[in-house]
Amino acid sequence: MSNQNNSDIKVRIQRFGSHLSGMIMPNIAAFIAWGLITALFIPTGWWPNKELAELVGPMITYLLPLLIGFTGGRMVYDLRGGVVGATATMGVIVGSEIPMFLGAMIMGPLGGYLIKKVDQMFKDKVRSGFEMLYNNFSAGILAGLLTIVAFKAIGPLVSGLTNILIGGVEAIVSAGLLPLASVFVEPAKVLFLNNAINHGIFSPIGIEQASKAGKSILFLIESNPGPGLGILLAYMVFGKGNAKQSSPGAAIIHFFGGIHEIYFPYILMKPLLILAAIAGGASGVMTFMLFDAGLVATPSPGSIFALLAMTPRGNFAGVILGVVVAAAISFLVASVILKSSKSSDDESIEAATEKMQQMKGKKSSVADSLVAEKKSSAVNDYQNVQKVVFACDAGMGSSAMGASVLKNKMKKAELDVDVTNTAIAQLPNDADVVITHKDLTSRAKEKLPNAIHLSVDNFLNSPVYEKLVGDLKDAEQPETAESQTVQTPGKNIEKVIFACDAGMGSSAMGASVLKNKFKKADLDIHVANSAINNLPSDADIIITHKDLTDRAKAKVPQAEHLSVDNFLNSPKYDELVQRLKK
């Protein structure tokens with residue numbers, strides 16, 4: 001029972017961290033832009049420039065929090081939620097005297113959630129012709145109210161909380177206890193819980209410190225590639241079998257590419273190696289403290305190149321030494337563990353799965369997952385696969401590597417299937433196959449229950465890829481007579497979408513007309529309107545003006561498309577009703 005509770009807590013933390021990283025990661029480019037401008041043009045920068053340095057304040061005060069607020073609202077309720085979230089974020093910005101990153105992380109999702117609830121409350125209650133009026137004023141009124149609440153209450157509250165957190169961090173640094181953070185951070189990275197710590201605490205406080213002091217040591221705690229490099233180097237020297245052979249390539253990807261996830265399986269093969277990561281991380285932080293080193297902004301990904309790019313003038317020695325010391329200490333501890341280990345690394349790829357489940361509180365095995373995958377791999381399941389999506393927490397590191405590997409396999413097999421990667425919180429609705437690390441599969445299934453879900457232990461090398469390519473090749477065989485049979489009219493029609501350029505005026509009126517006809521005919525079919533660029537992939541029937549039908553077909557080719565001359569009055573509506581009633 002306690003194991004189940006621990007697992008539930010871990011999943012909640014993972015989900016929380018995923019939401020936080022989902023707000024931060026898409027905007028990392030803006031953070032880097034601000035960091036580079038800060039490092040270059042402030043009075044202590046490489047090329048001090050009083051005029052260009054004026055960009056630093058407005059960017060950190062307004063641009064970055066507004067981007068976070070917009071992204072947070074959009075995660076909850078698409079563009080409509082993003083607009084309300086960004087507007088509400090303006091309240092906490094003006095209502096405080098410090099950069100409002102924590103405030104933006106609160107107001108963005110809150111704004112998106114509340115406008116979603118308002119729309120649900122007034123669904124089907126807005127009269128035909130008043131949709132645009134409702135859409136604009138409901139969002140505007142709610143955004144205005146939230147901005148006032150944020151200005152008067154949330155802003156000062158978050159400002160006080162931030163000051164308390166900053167004071168606590170400064171006290172820990174002054175007491176020389178910051179290296180102890182590695183005791184929590186390094187295991188959290190391997191257990192995919194680092195986003196909650198990094199983006200929930202370190203990044204907001206670090207940016208606040210950087211805005212005043214020009215740098216922060218907090219940016220170096222989680223992103224230091226030294227501990228992982230030391231473990232991979234130890235495998236290169238003292239490892240055996242596949243682990244020894246693959247570790248050089250992993251070290252290059254980890255240290256220069258900044259994808260830390262690649263060394264996690266090596267720790268999971270021998271969980272005692274987590275001590276090497278902790279020792280390396282703590283020694284690195286101690287070195288950073290001794291040299292008063294810090295970065296100007298979040299380095300992402302955690303590559304040595306990103307660290308150096310975000311290093312302010314006069315801090316290079318401390319940053320480089322911190323990475324080197326972390327790698328050296330991690331290497332020494334890992335070497336002792338590997339040399340004293342009696343188990344064979346030849347079996348570690350397979351054995352790591354079971355050990356990983358023991359560490360993470362979930363019982364599973366490679367064989368079990370493969371059996372499950374075989375059951376879902378019927379040829380029919382893959383006949384209409386057009387998009388394969390790799391998903392991880394941040395949507396960048398391990399999922400990007402997996403996507404790259406599968407793209408090459410698809411290319412060699414001459415399969416025209418789109419392969420991409422994303423954060424698990426932003427899985428697209430049109431994904432046909434979703435590939436995740438097995439600890440994240442349950443969350444992916446909650447997000448997209450109708451997709452085919454495949455679990456892997458290692459994104460770089462999994463038998464799942466070969467099997468998927470084989471299933472897709474089999475599905476390319478000529479269709480049988482049964483598969484060519486046309487569906488019965490009206491069968492499985494659940495969603496009808498009216499689309500126009502803006503997605504508000506004419507399409508909203510057409511949707512209202514058809515809703516009334518469906519209601520009178522006792523047809524329980526969802527009818528909605530959308531901008532043509534935002535057409536949902538699960539639409540069964542799409543109705544457009546005849547001039548826009550080709551664009552709609554290109555956007556959602558698998559749907560049935562109807563063209564009309566007039567959204568308010570078309571004989572095709574009655575024909576559709578009669579067909580669906582049959």
Side-chain angles (χ1 to χ4, degrees), residues 16 19-28 30-31 33-34 54-123 125-126 130-166 199-201 203-205 207-208 211 425-426 502-504 531 534:
F16 176 66
H19 288 312
L20 295 178
S21 64
M23 287 185 272
I24 296 291
M25 295 303 289
N27 300 307
I28 284 294
F31 280 87
W34 172 79
E54 293 180 0
L55 292 167
V56 174
M59 287 180 73
I60 194 173
T61 302
Y62 298 104
L63 174 65
L64 299 181
L66 286 172
L67 284 174
I68 293 173
F70 176 81
T71 305
R74 185 173 184 174
M75 285 171 60
V76 177
Y77 197 46
D78 204 25
L79 290 174
R80 191 163 163 80
V83 171
V84 175
T87 307
T89 299
M90 196 67 194
V92 293
I93 292 174
V94 180
S96 62
E97 297 180 355
I98 62 174
M100 267 289 106
F101 296 98
L102 289 177
M105 289 179 179
I106 294 172
M107 297 310 300
L110 179 62
Y113 174 78
L114 291 179
I115 188 60
K116 182 178 182 179
K117 289 300 179 183
V118 169
D119 283 353
Q120 289 175 352
M121 187 185 307
F122 288 95
K123 182 181 179 181
K125 295 181 181 179
V126 180
F130 290 85
E131 291 84 2
M132 186 179 296
L133 189 69
Y134 163 77
N135 287 336
N136 290 335
F137 273 85
S138 60
I141 292 171
L142 177 62
L145 291 175
L146 284 176
T147 304
I148 295 172
V149 172
F151 175 77
K152 290 291 187 180
I154 307 298
L157 180 64
V158 175
S159 181
L161 175 62
T162 302
N163 288 329
I164 292 173
L165 291 174
I166 293 173
H199 297 307
I201 300 175
S203 290
I205 299 176
I207 291 171
E208 167 61 17
S211 68
Q426 298 174 3
M504 292 185 178
N534 295 324

Looking at residues at least two apart in the chain, or sitting in another chain, which of them share a side-chain hydrogen bond (donor to acceptor under 3.5 Å, both in side chains) with [X]?
X	value
Thr61	none
Tyr77	Asp119
Asn27	Thr71

(message) The criterion is side-chain contact (heavy atoms from CB on, under 4.5 Å); which residues satisfy it with Thr87, sequence neighbours excluded?
(response)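 Val83, Ala143, Thr147.
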(request) Under the side-chain contact (heavy atoms from CB on, under 4.5 Å) rule, collect the residues that match up with Leu63, sequence neighbours excluded. (result) Met59, Leu67
(request) Give the intermediate values and the outcome of side chain to side chain contact (heavy atoms under 4.5 Å, CB included) for residues Val158 and Val92. (result) CA-CA 8 Å; Val158 175; Val92 293; 5.6 Å; no
(request) Enter the distance from Leu133:CG to Ser138:OG here, rounded to the nearest 0.5 Å. (result) 9.0 Å
(message) Could you measure the distance from the CZ atom of Phe31 to the CD1 atom of Ile60? Nearest 0.5 Å is fine.
(response)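 Here the rounded value is 8.5 Å.
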Heavy-atom distance under 4.5 Å between the side chains of [X] and [Y], does that happen here?
X	Y	answer
Met100	Thr89	no
Tyr62	Met90	yes
Leu146	Val84	yes

(request) Looking only at non-hydrogen atoms, find the nearest pair between Pro156 and Ala150 and report the distance. (result)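 The pair with the smallest heavy-atom distance is CD-O, 4.1 Å.
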(message) So which atom in Val56 and which in Trp34 form the shortest heavy-atom distance, rounded to 0.1 Å?
(response) O-NE1, 3.2 Å
Sequence neighbours excluded and cut-off under 3.5 Å, please list the side-chain donor-acceptor pairs for residues 101-111, or say none.
none

(message) Looking at Tyr113, I want to see if its OH is surrounded by more than 12 non-hydrogen atoms of other residues, nucleotides or ligands under 6.0 Å.
(response)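 Not more than 12 within 6.0 Å, no.
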